[in-house]
Student: 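Please see the structure below; I have some questions.
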Number of protein chains: 2
Amino acid sequence: MQADFRQLCADHGIAMTHQRQVLYEVMQGMEGHPSPEEVYALVKKKVPAVSLATVYKNIHLFVESGIFRKMSMHHGSVRVEMNSEDHHHMVCSKCKAITDIGEKELGLSPTQRRLSDGFLVERYSVDVIGLCAKCQKA
Amino acid sequence: MQADFRQLCADHGIAMTHQRQVLYEVMQGMEGHPSPEEVYALVKKKVPAVSLATVYKNIHLFVESGIFRKMSMHHGSVRVEMNSEDHHHMVCSKCKAITDIGEKELGLSPTQRRLSDGFLVERYSVDVIGLCAKCQKA
DNA sequence: TTATCGGACGATAATACTTATCATCTTTAA
DNA sequence: TTAAAGATGATAAGTATTATCGTCCGATAA
Ligand SMILES: [Mn+2]
Ligand SMILES: [Mn+2]
Ligand SMILES: [Zn+2]
Ligand SMILES: [Zn+2]
């Protein structure tokens, strides 16, 4: 409800606006790794006058304030990560399809917290490059 | 020498041209993950009339024919991977610096060859997200 | 509730990166 | 040597993203 989003904005130190709320709700309802254009298309249905620039600005704002996570690799454009579970990605080297794979299922659990040159680890992001089932047939 | 590059081209089924040879040699002498513009700047010193389009076209050609490997993630532009060793990357979440880290040093050796949905693994690419030593001080 | 002010909005220009086009030149293979 | 195929350089076009700016909205205090 609206009060929840108002609180979320307050928690993250950003102002609450109608466009932001619609954007947030639309994004919540999306799966996978939507592009700004895809988000824009859906927001426009509820707020026809919305500008693409506003969508870009607020996606960045959401990402910077930690509400959503960016996921730009392997796509030609910026994407937002809508899967909030700990997971990694399988990338088909032929058709470029990107599929989530859970941390457990991947069977990799890195533990080192500090690496060479004093690099402090926040998290690991694994891309498994290979062939999806569909592309193996062809 | 020239004969070597001629042979390399023959092996990969591409024509041997002066621009390609200079491009190849310049790239061989670069480290890290150079951008097309960086490569272009150096090639221009030896072949002043070279076009940026030619650099782009031949970088793609080299990547497609397996002479070099693409490494585009995390940068705003296409990059080429000049480190031919098996390695992964440490990405600083603050300054965006990208540093190579050897497979052994990372201490991760994934072995699964097949994952969910029948995905056939070719290789793993690990990005370690965190803070570089420099950014930890600030 | 209303006034005020800083931030957010929408329209659109500008930028950065990359690719397409095309006339000319070079390489390859016969 | 020659003809076909392919490569080059100049430049236009395309795509994604960001900057600019005048107007409007929303948070705060009177
Ligand atoms: Mn994902
Ligand atoms: Mn590298
Ligand atoms: Zn595929
Ligand atoms: Zn850093």
Side-chain angles (χ1 to χ4, degrees), chain A residues 2-3 5-24 26 33-65 67-68 70-80 96, chain B residues 2-3 5-24 26 33-65 67-68 70-80 96:
Chain A
Q2 179 153 338
F5 183 69
R6 182 175 293 278
Q7 187 58 48
L8 185 72
C9 288
D11 292 346
H12 289 272
I14 67 178
M16 192 278 224
T17 70
H18 180 227
Q19 286 88 339
R20 275 180 196 162
Q21 178 167 14
V22 173
L23 182 66
Y24 175 79
V26 161
H33 314 117
S35 68
E37 284 283 355
E38 287 164 351
V39 174
Y40 175 57
L42 294 188
V43 172
K44 222 173 178 178
K45 289 183 181 174
K46 304 207 173 194
V47 186
V50 77
S51 163
L52 179 59
T54 298
V55 171
Y56 269 98
K57 281 183 281 201
N58 285 310
I59 285 178
H60 288 150
L61 187 73
F62 286 163
V63 169
E64 282 156 23
S65 59
I67 294 175
F68 291 123
K70 184 156 55 179
M71 194 277 162
S72 57
M73 298 82 224
H74 300 290
H75 295 275
S77 61
V78 167
R79 301 302 177 105
V80 185
K96 309 301 176 195
Chain B
Q2 179 153 338
F5 183 68
R6 180 173 293 280
Q7 187 57 50
L8 185 72
C9 287
D11 291 346
H12 289 273
I14 66 178
M16 192 277 221
T17 70
H18 181 226
Q19 288 88 339
R20 273 178 198 165
Q21 180 167 11
V22 173
L23 182 67
Y24 175 78
V26 160
H33 315 115
S35 68
E37 285 282 354
E38 286 165 349
V39 174
Y40 175 57
L42 294 188
V43 171
K44 222 174 179 178
K45 289 182 181 175
K46 306 207 173 194
V47 186
V50 77
S51 163
L52 179 59
T54 298
V55 171
Y56 269 98
K57 280 183 281 201
N58 284 310
I59 285 179
H60 287 148
L61 187 72
F62 286 162
V63 169
E64 282 157 21
S65 60
I67 294 174
F68 291 122
K70 183 155 55 180
M71 194 274 159
S72 58
M73 298 82 223
H74 300 293
H75 294 274
S77 61
V78 166
R79 301 301 177 106
V80 185
K96 311 299 176 197

Student: For B/R20 and B/A15, indicate whether the former's side chain and the latter's backbone hold a donor-acceptor pair under 3.5 Å.
Tutor: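 Yes, the answer is positive, given that a donor and an acceptor are paired below the 3.5 Å cut-off.
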Student: A/Y40 and A/Y56: aromatic ring centres closer than 6.0 Å?
Tutor: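 No, too far apart.
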Student: On the nucleotide C/dT19, are OP1 or OP2 found under 4.0 Å from the side-chain N or O atoms that B/Y56 carries?
Tutor: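 Looking at the OP1 and OP2 atoms of C/dT19, neither is under 4.0 Å from any side-chain N or O of B/Y56.
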Student: Tell me if a side-chain donor or acceptor on B/E38 pairs with a main-chain N or O of B/S35 at a distance below 3.5 Å.
Tutor: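 At least one qualifying donor-acceptor pair exists.
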Student: Where each residue is assigned the nucleotide of DNA chain D containing its nearest heavy atom, which of A/K57 and A/H18 is assigned the position nearer the 5′ end?
Tutor: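 Here A/K57 is the residue nearer the 5' end.
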Student: When you get a sec, tell me which of C/dC9, C/dT18, D/dG9 is the closest nucleotide to the side chain of B/S51?
Tutor: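 Closest of the options to the side chain of B/S51: D/dG9.
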Student: Taking OP1 and OP2 of D/dC25, is either one under 4.0 Å from a side-chain nitrogen or oxygen of A/Q19?
Tutor: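 Answer no for this pair, as no side-chain N or O of A/Q19 is under 4.0 Å from OP1 or OP2.
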Student: Looking across every strand, which nucleic acid part, if any, lies under 4.0 Å from B/A49 by heavy atom: base, sugar-phosphate, or nothing?
Tutor: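 If one applies the 4.0 Å heavy-atom cut-off, B/A49 turns out to touch the sugar-phosphate alone, with no base involved.
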Student: Rounding to a whole Å, what distance do you find between A/M16:CE and C/dG7:P?
Tutor: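 Taking CE of A/M16 and P of C/dG7, I get 19 Å after rounding.
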Student: Just say parallel, tilted or perpendicular for the rings of B/F62 and B/F5, cut-offs at 30° and 60°.
Tutor: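 Rings of B/F62 and B/F5: perpendicular, as their planes differ by over 60°.
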Student: What is the distance from CD of A/Q21 to C1' of D/dA27, rounded to the nearest Å?
Tutor: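 Distance, rounded to whole Å: 16 Å.
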Student: B/K44 has an atom NZ; how far is it from atom C1' of D/dT8, in whole Å?
Tutor: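 Roughly 15 Å, once rounded to whole Å.
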Student: In whole Å, what is the span from the CD1 atom of A/I14 to the C1' atom of C/dG7?
Tutor: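 These atoms are roughly 12 Å apart.
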Student: Looking at C/dT18, D/dT8, C/dT12, which one has an atom nearest to any side-chain atom of B/V78?
Tutor: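 Nearest to the side chain of B/V78 among the choices is C/dT18.
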Student: Could you state the atom-to-atom distance from CZ of B/F62 to P of D/dA7 in whole Å?
Tutor: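 After rounding, the gap between these two atoms is 11 Å.
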Student: For A/T17 and D/dC25, is the shortest distance between a side-chain N/O and OP1 or OP2 below 4.0 Å?
Tutor: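 Answer is no, no contact under 4.0 Å.
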Student: Please tell me if A/S77 has a side-chain N or O lying less than 4.0 Å from either OP1 or OP2 of D/dA16.
Tutor: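 It does not, given that no N or O in the side chain of A/S77 lies less than 4.0 Å from OP1 or OP2 of D/dA16.
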Student: Which nucleotide wins on minimum distance to the side chain of A/L52, given the candidates D/dT17, C/dT27, C/dC9?
Tutor: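 Taking heavy atoms from C-beta onward, the closest nucleotide is D/dT17.
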Student: What is the distance from CG of A/L61 to C1' of C/dA8, rounded to the nearest Å?
Tutor: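 Whole-Å distance recorded here is 10 Å.
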Student: Tell me: CG of A/L23 to C1' of C/dA8, nearest whole Å?
Tutor: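 Those two atoms, CG and C1', are 13 Å apart.
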Student: Checking B/S65 side chain against B/L61 main chain: does a donor-acceptor pair fall under 3.5 Å?
Tutor: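 Answer holds: yes.
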Student: Using heavy-atom distances to pick each residue's nearest nucleotide on DNA chain C, tell me which of A/N58 and A/A53 is more 5'.
Tutor: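 So the residue in question is A/N58.
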Student: Could you tell me whether the phosphate oxygens of C/dT28, OP1 or OP2, come under 4.0 Å of any side-chain nitrogen or oxygen in B/R6?
Tutor: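 Looking at the OP1 and OP2 atoms of C/dT28, one of them is under 4.0 Å from a side-chain N or O of B/R6.
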Student: Taking only side-chain nitrogens and oxygens of A/H60, does any of them come within less than 4.0 Å of OP1 or OP2 of D/dT18?
Tutor: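 A/H60 to D/dT18 OP1/OP2: side-chain N or O found under 4.0 Å.
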Student: Whole-Å distance between D/dT15 C1' and A/Y40 OH?
Tutor: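 It is 16 Å, rounded to the nearest whole Å.
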